[in-house]
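Report on the structure given below.
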Amino acid sequence: MRILTKNTFSLWVKPLLWLQARHFGKVLNPAKLWGRKPVLFWLVALFFGYLDRKKSPIDAVIRSLVCVRVSQLNNCAFCVDANGMKLAERCHSVEKIKALANWQSSEYFSEQEQAVLAYTEAMTITGQHVSDEMLTALAAWYSSDDIVELTALVSFQNLSAKFNTALDVPAQGFCSLPIQPQTSSNAQKNTTQASSDSNKKPLGSSDEK
């Protein structure tokens with residue numbers, strides 16, 4: 001990571017870290033950075049906790065499809081890893097999970113899922129725009145309030161992915177499925193990063209003792 005993690009955290013942060021360790025078996029890498037700002041960490045945790053609640057009007061599988069697709073589009077290694085694990089737990093079709101990056105040409109996605117993914121990509125990909133037709137398509141399954149919540153979910157996952165990508169938060173080996181599409185841009189990024197790793201020093205070393 002581009003910023004070193006602390007060895008100790010505020011008492012306000014420790015309950016969140018404990019919950020993560022209990023659920024995932026380890027503290028998540030992004031939490032070690034969000035933990036530097038306890039108020040922000042709590043706000044982010046509560047925000048996503050609400051969006052991913054059991055009584056959400058957005059189906060659990062669709063929520064995970066959204067999170068993984070946004071993660072793929074942002075090339076966020078940690079997000080694909082963590083969200084991919086949750087998608088694997090919720091979706092019983094391995095073929096569907098592997099096909100997500102190319103959902104437009106896949107037979108595994110329902111019309112509802114296609115409408116959601118089209119909206120997700122329009123919100124996420126630079127240069128694309130949400131159209132009235134996309135909202136009309138969503139309205140076949142969701143109320144206006146539901147669409148607001150779906151929009152919030154896509155927005156949150158973009159925030160999370162961009163935060164992790166900017167600070168080079170690594171994956172933690174949660175998901176074993178090959179769901180991150182390999183592109184020439186990814187390969188170039190990996191080559192460039194590998195050549196500069198020896199010169200890259202994390203920030204924040206002065207307060208890590």
Side-chain angles (χ1 to χ4, degrees), residues 1-53 56 58 60 63-90 97 100-101 120 123-124 149-181 186 189-190 193-194 196-197 200-209:
M1 291 190 281
R2 291 191 170 106
I3 294 179
L4 288 176
T5 61
K6 287 186 173 183
N7 294 322
T8 59
F9 290 94
S10 163
L11 291 176
W12 290 97
V13 171
K14 289 183 178 180
L16 291 174
L17 301 181
W18 179 83
L19 287 172
Q20 286 189 355
R22 181 183 179 187
H23 183 74
F24 296 100
K26 64 184 79 174
V27 173
L28 301 182
N29 286 333
K32 299 173 184 177
L33 299 178
W34 286 110
R36 288 176 166 273
K37 304 292 294 185
V39 174
L40 277 177
F41 192 11
W42 271 101
L43 290 173
V44 167
L46 290 172
F47 189 12
F48 182 68
Y50 179 81
L51 291 173
D52 202 43
R53 69 195 186 282
S56 168
I58 314 300
R63 294 200 305 271
S64 286
L65 288 173
V66 166
C67 289
V68 173
R69 188 65 189 124
V70 172
S71 302
Q72 291 174 333
L73 292 170
N74 281 285
N75 293 316
C76 177
F78 173 84
C79 301
V80 170
D81 183 30
N83 290 318
M85 176 189 67
K86 184 169 289 188
L87 177 58
E89 291 173 350
R90 293 173 170 177
I97 296 172
L100 178 56
T120 297
M123 285 185 60
T124 303
E149 185 160 330
L150 173 62
T151 305
L153 176 63
V154 178
S155 300
F156 174 86
Q157 187 54 49
N158 269 286
L159 178 156
S160 180
K162 292 180 187 303
F163 177 92
N164 293 332
T165 302
L167 298 182
D168 198 25
V169 178
Q172 289 185 258
F174 289 120
C175 184
S176 59
L177 294 176
I179 58 177
Q180 176 65 302
N186 282 343
K189 176 183 176 182
N190 292 338
Q193 180 175 338
S196 62
D197 275 347
K200 182 174 65 177
K201 296 182 180 180
L203 301 178
S205 57
S206 61
D207 59 351
E208 307 310 323
K209 297 181 180 179

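What you are looking at is a predicted structure, and each value in this text was computed from that prediction instead of being measured. FYI, the numbering just counts along the sequence from 1.
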Would you call [X] and [Y] a side-chain contact if the rule is heavy atoms closer than 4.5 Å?
| X | Y | result |
| --- | --- | --- |
| F78 | L28 | yes |
| L19 | H23 | no |
| L150 | V66 | yes |
| Q157 | V68 | no |
| M123 | S155 | yes |
| M85 | F24 | yes |
| R36 | I3 | yes |
| P30 | L33 | no |

TODO: Report the C-alpha distance between D52 and K86 in whole Å, list the side-chain angles of each, state the deciding distance to 0.1 Å, and finish with yes or no for side-chain contact (heavy atoms from CB on, under 4.5 Å).
DONE: CA-CA 11 Å; D52 202 43; K86 184 169 289 188; 3.2 Å; yes

Measure across [X] and [Y] and return the closest heavy-atom pair with its distance rounded to 0.1 Å.
| X | Y | value |
| --- | --- | --- |
| N29 | A171 | ND2-O, 4.0 Å |
| C67 | F48 | SG-CE1, 4.3 Å |
| A161 | C79 | CA-SG, 3.5 Å |
| A31 | V27 | CB-CG1, 4.1 Å |

Task: Under the salt bridge (Lys or Arg N to Asp or Glu O under 4.0 Å) test, residues paired with E89 that sit two or more places apart - done: none

I'd like to know if the side chain of [X] reaches the main chain of [Y], judged simply by a donor and an acceptor atom lying under 3.5 Å from each other, with no hydrogens or angles considered.
| X | Y | answer |
| --- | --- | --- |
| R69 | T120 | no |
| D81 | Q172 | yes |
| S160 | F156 | no |

Open item on the list: With a 6.0 Å cut-off on the ring centroids, do W12 and F41 count as close?
Closed with: no

TODO: For the residue pair N74 and T165, confirm or rule out a side-chain donor-acceptor distance under 3.5 Å.
DONE: no

Open item on the list: Is the terminal nitrogen or CZ of K26 (NZ for Lys, CZ for Arg) located under 6.0 angstrom from the six-membered ring centre of F174 and within 45° of that ring's axis?
Closed with: yes

Starting at [atom1] of [X], measure out to [atom2] of [Y] and round the result to the nearest 0.5 Å.
| X | Y | atom1 | atom2 | answer |
| --- | --- | --- | --- | --- |
| L159 | N164 | CG | CG | 9.5 Å |
| S10 | K37 | OG | NZ | 11.5 Å |
| N83 | Q72 | CG | CD | 10.0 Å |
| L153 | L51 | CG | CG | 5.5 Å |

- [ ] Determine, stepwise, if the pair L167 / M1 fulfils side-chain contact (heavy atoms from CB on, under 4.5 Å).
- [x] CA-CA 6 Å; L167 298 182; M1 291 190 281; 5.8 Å; no

Open item on the list: So that I can tick it off, tell me whether R63 and E149 are bridged by a salt bridge, with the cut-off set at under 4.0 angstrom between side-chain N and carboxylate O.
Closed with: no

- [ ] Take R90 and S64 through the test side chain to side chain donor-acceptor pair (under 3.5 Å) and record every step on the way to the result.
- [x] CA-CA 8 Å; R90 293 173 170 177; S64 286; 2.9 Å; yes

